[in-house]
Structure formats: C-alpha cells, structure tokens
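Have a look at the structure below, then the notes.
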Amino acid sequence: MTLRLAEHSKDREQQVAQIRQSLGLRSIVLIGLMGAGKTAVGRRLANWLDLPFTDADSEIEAAAGQSIKEIFAEHGEAYFREGERKVIARLLEGGPQVLATGGGAYMNPETRAAIQAHGISIWLKADLRVLLKRVSRRDNRPLLAVGDPETVMKILMAERNPVYAQADLIVESHEVPHDVIVGAVADALAAKLGCDMPARKQRRKKVQ
Ligand code: S3P
C-alpha cells in the first residue's frame with residue numbers, strides 16, 4: 001500500500017469511528033421514493049460503518065408472514081400503513097443501525113416524529129427517469145401496479161417530495177455505482193455530525 005493510500009484509509013477509519021461515536025444510539029434512516037436506492041445504498045453504508053442493516057419492508061413482511069404484495073391484496077393499503085407505522089416505531093428503538101424505510105413511511109406524521117427523535121434522516125433524491133428505470137426491474141410494488149408507473153410516480157413525487165424535504169440530509173441518488181452514493185452519504189453525515197476529518201483538512205492547509 002502506498003503512503004497516500006494508507007493515509008486515506010486511516011482517514012476513512014477515523015471518519016467511521018467519529019460518525020459512530022457521534023451517532024450514539026440513533027439510527028441512520030433512509031427515506032425516499034421507490035427506486036431511490038434505499039436498500040442497496042443502506043446495505044453498503046451499514047457495511048462501511050460496521051453497523052447492522054435493517055430493511056423496514058422485510059421486517060413488515062416477516063411480522064405479517066406475507067409479502068407486501070399479499071398484504072395490499074388481502075388487507076388493503078390502510079392495514080399495511082398501520083403495520084408499517086408500528087414496525088418502524090419498534091425498529092427505531094434498536095439503534096444504532098442503518099434503517100431503510102419503504103417510500104410511504106415518512107409520509108406518516110407519527111413515523112416522521114419517531115424518526116426525528118431516534119434517528120438522522122437522509123432523503124435519497126432521484127429524478128423521475130432514474131426512479132422509473134430502477135423500479136421497472138421488479139413487479140413487487142403494488143402502488144405501481146394500479147396504473148401507468150410514470151403517471152403514478154409523477155403524482156407521488158408531487159405529493160411526497162415536499163415532505164421528504166424535511167429530512168435532516170438530502171443526497172442525490174444519480175445513476176452512478178451505489179458506492180459513489182454511499183461516499184456522498186458518508187460525507188454528508190460526517191459534515192452534519194461535525195466529524196469532518198480535521199486531520200486531513202489541516203494537512204491540506206499546510207500544503208497550500
Ligand atoms: C411503497 C414503497 C415500497 C413498499 C410499498 C409501498 C410506497 O417500498 O413499502 O410497496 O408507498 O412508496 P420501497 O420504497 O422500498 O419500494
């Protein structure tokens with residue numbers, strides 16, 4: 001390993017340690033529309049921070065013993081939303097962790113308040129084209145099965161984006177490898193938590 005690489009990984013180690021320390025028992029909560037990359041980015045972020053990763057939708061499915069598609073079909077959306085609220089309230093007691101939530105979760109005021117109290121929220125913000133491309137890969141989303149996905153997605157963006165904008169942090173989820181987005185999330189988190197790698201900044205200053 002070259003000296004520069006070793007220094008870089010030391011900086012990163014330091015950044016991880018600082019983020020974890022400042023985070024305490026709080027959860028890092030990823031919010032945003034279907035296809036924003038919450039699960040994929042969340043899993044990698046958790047791995048990088050050496051924290052557990054929790055996917056709220058999987059937990060809801062485990063609690064119900066049914067897939068989300070089945071819950072919607074058999075019991076309807078209102079029933080799903082109630083289960084979602086309860087499961088996320090429970091999960092938020094289990095920090096520190098990286099928690100990926102379903103796209104509608106943050107729309108519930110109680111859930112928003114619970115996230116605010118127990119976590120740091122990050123809106124993964126993607127544009128329409130990116131969202132549509134990503135959601136077209138699977139047909140497991142009941143909200144998109146009821147009409148033209150583009151029309152539904154546009155309606156959801158108009159309704160939800162102003163609410164997602166209340167998140168503590170907003171990170172653009174572009175069409176780049178997920179690890180690049182993880183890096184952007186990590187930097188945003190570090191800045192928010194005041195862990196901005198002062199050692200590296202000082203070195204940079206000296207060189208100038
Ligand atoms: C939903 C998003 C889904 C899932 C459910 C409803 C929504 O999760 O919770 O189908 O209301 O946007 P993802 O955002 O992980 O796809």
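Source: prediction; values computed, not measured. We count ligands from 1, going down the list as the structure has it; atoms in each ligand are counted the same way. FYI, the numbering just counts along the sequence from 1.
Residue Arg81 touches ligand 1 through its side chain alone, judged by heavy-atom distances below 4.0 Å. At a 4.0 Å heavy-atom cut-off, ligand 1 touches Arg160 through the side chain alone.
Heavy-atom proximity to Arg141, at under 4.0 Å, picks out these atoms of ligand 1: 16 (O). Close approach of ligand 1 to Pro142 is summarised as follows: ligand atoms under 4.0 Å from at least one heavy atom of the residue are 10 (O).
One finds a salt bridge joining Glu175 and Arg129 here, because a Lys/Arg side-chain nitrogen approaches an Asp/Glu carboxylate oxygen to under 4.0 Å. We find that Glu82 and Arg85 are joined by a salt bridge, their nearest charged nitrogen and carboxylate oxygen being less than 4.0 Å apart.
Using a 4.5 Å heavy-atom cutoff, the side chains of Ser173 and Arg134 are in contact. With contacts defined as side-chain heavy-atom distances shorter than 4.5 Å, the pair Lys69/Arg141 does not qualify. Proximity of Asp57 to Thr101: side-chain heavy atoms (C-beta onward) are nowhere separated by under 4.5 Å.
Side-chain atoms of Gln97 and Thr54 include a donor-acceptor pair closer than 3.5 Å.
For Lys38, a nitrogen or oxygen atom sits less than 3.5 Å from a nitrogen or oxygen atom of ligand 1, counting backbone and side chain alike. An N or O contact shorter than 3.5 Å links Asp57 to ligand 1 by distance. Between Thr39 and ligand 1, no N or O atom pair is found at a separation short of 3.5 Å. Residue Leu156 places no N or O, backbone or side chain, under 3.5 Å from any N or O of ligand 1.
Distances from ligand 1 to the non-hydrogen atoms of Lys69 include no value under 4.0 Å. Contact between Glu61 and ligand 1 is absent, with no heavy atom of the residue lying under 4.0 Å from the ligand.
Closest to atom 5 (C) of ligand 1 by heavy atom, among Asn140, Ile60, Ile68, is Ile68.
A donor-acceptor pair under 3.5 Å is formed between the side chain of Arg112 and the backbone N or O of Tyr106.
Connection of Phe80 to Val152 is established within a shared hydrophobic cluster, with ILVMFWY side chains joined at heavy-atom distances below 4.5 Å, either directly or through further cluster members.
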